[in-house]
**Q** 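Quick one: the structure is below, and I'll ask about it shortly.
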Amino acid sequence: MKKRIFALLCAFMLILAACSPRGTDVPPTEQDTDSTEAEASKQVAVFVPDAQAEYLTGTYVTVPERESLPEMLIDGLISNGAIPEDVSIIEFDDTSATLKLDLNSAYLTALGAGGSAGETMTLYAVVNTFLFNYPDASSLALTVDGKNIETEHSSYKNPFTEMQYLRE
């Protein structure tokens with residue numbers, strides 16, 4: 001029975017391959033190439049907090065292709081509401097096992113907006129997203145405007161490691 005199904009599947013694939021048009025490929029014009037580049041996108045993995053700020057959920061999102069992966073990761077977090085639109089990267093360094101990410105002050109404002117649980121989720125949305133997409137890294141040193149992060153709930157001076165409160 002399995003052999004028959006396999007044979008039918010192979011025959012169907014051959015028929016499809018034989019019916020496809022050949023020799024009709026038109027080379028792209030310069031205008032076509034420009035529009036393709038402008039619309040280029042890429043999927044990245046991001047971690048976003050749930051509505052109750054109890055867990056992070058991993059998801060793949062499609063973002064416009066940018067010059068660097070860190071910019072695409074921030075775009076993915078923004079598009080999923082994990083961080084505000086005005087958060088941006090000041091500096092990023094991935095030359096050691098500890099990634100270094102410096103964000104603008106809009107990120108600090110976002111940390112203070114959700115209480116202690118919201119603060120934790122906002123922090124680890126960024127931490128887990130970057131550590132997942134940079135598998136050779138073991139930790140992330142996260143700063144705002146070149147300074148350690150200090151909120152009304154805590155002071156964060158040490159590099160972060162991955163948070164384990166995740167839902168699939």
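All heavy atoms count here, side chains included; hydrogens, waters and symmetry mates do not.
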**Q** Do any pairs count as a salt bridge (charged side-chain N to carboxylate O under 4.0 Å, His left out) and have a residue in residues 74-99, sequence neighbours left out, and if so which ones?
**A** Arg66-Asp75
**Q** Do you know the tightest heavy-atom contact between Met163 and Tyr124?
**A** CB-CD2, 3.2 Å
**Q** Taking all non-hydrogen atoms of both residues, which atom of Leu101 and which atom of Val126 are closest, and how far apart?
**A** CD2-CG1, 3.7 Å
**Q** Report yes or no: does Asn133 contribute a side-chain atom to a donor-acceptor pair with the main-chain N or O of Ala45 at less than 3.5 Å?
**A** yes
**Q** Could you measure the distance from the CG atom of Leu142 to the CG atom of Asn158? Nearest 0.5 Å is fine.
**A** 12.5 Å
**Q** Whether the side chain of Tyr156 engages the backbone of Thr151 through a donor-acceptor N/O pair (distance < 3.5 Å, no angle test) should be reported.
**A** no
**Q** Got a second to check how far Ser138's OG is from Leu131's CG, nearest 0.5 Å?
**A** 8.0 Å
**Q** Taking side chain to side chain contact (heavy atoms under 4.5 Å, CB included) as the definition, give me every residue that meets it alongside Lys157, ordered by chain and number, with sequence neighbours left out.
**A** Asn148, Glu150, Ser155
**Q** For Ile89, run the side-chain contact (heavy atoms from CB on, under 4.5 Å) check against Leu73, Asn104, Ile74 and tell me which one passes.
**A** Ile74
**Q** Counting N and O atoms only, with roles assigned by atom type, does the side chain of Thr161 sit under 3.5 Å from a partner on the main chain of Ser139, one being a donor and the other an acceptor?
**A** no
**Q** How long is the gap from CD1 on Ile83 to CE on Met121, to the nearest 0.5 Å?
**A** 15.0 Å
**Q** Let me confirm one number: the OG1-CG distance from Thr129 to Leu77, rounded to the nearest 0.5 Å.
**A** 4.0 Å
**Q** Quick check: does any side chain N or O of Asp102 sit under 3.5 Å from a backbone N or O of Ile90, one acting as donor and the other as acceptor?
**A** no
**Q** Tell me the closest heavy-atom pair linking Ser105 and Asp145, and the distance in Å.
**A** CB-OD2, 3.2 Å
**Q** Within this structure, what is the CG-OG1 distance for the pair Asn128 and Thr57, rounded to the nearest 0.5 Å?
**A** 11.0 Å
**Q** Apply the test side chain to side chain contact (heavy atoms under 4.5 Å, CB included) to residues Leu140 and Tyr134: give CA-CA distance (whole Å), side-chain angles for both, the deciding distance (0.1 Å), then the verdict.
**A** CA-CA 10 Å; Leu140 174 72; Tyr134 286 89; over 6 Å; no
**Q** Are the ring centres of Phe160 and Phe130 closer than 6.0 Å?
**A** no
**Q** Take atom CD in Glu67; do more than 12 heavy atoms of anything else shown fall under 6.0 Å from it?
**A** no
**Q** Please find the pair of heavy atoms, one from Phe47 and one from Ala82, that lie closest to each other, and give the distance.
**A** O-CB, 4.5 Å
**Q** With sequence neighbours left out, what residues match Glu65 under side-chain hydrogen bond (donor to acceptor under 3.5 Å, both in side chains)?
**A** none
**Q** How about Ile149 and Tyr107: do any of their side-chain heavy atoms sit closer than 4.5 Å?
**A** yes
**Q** At what distance, to the nearest 0.5 angstrom, does CD of Glu54 lie from OG1 of Thr120?
**A** 12.5 Å
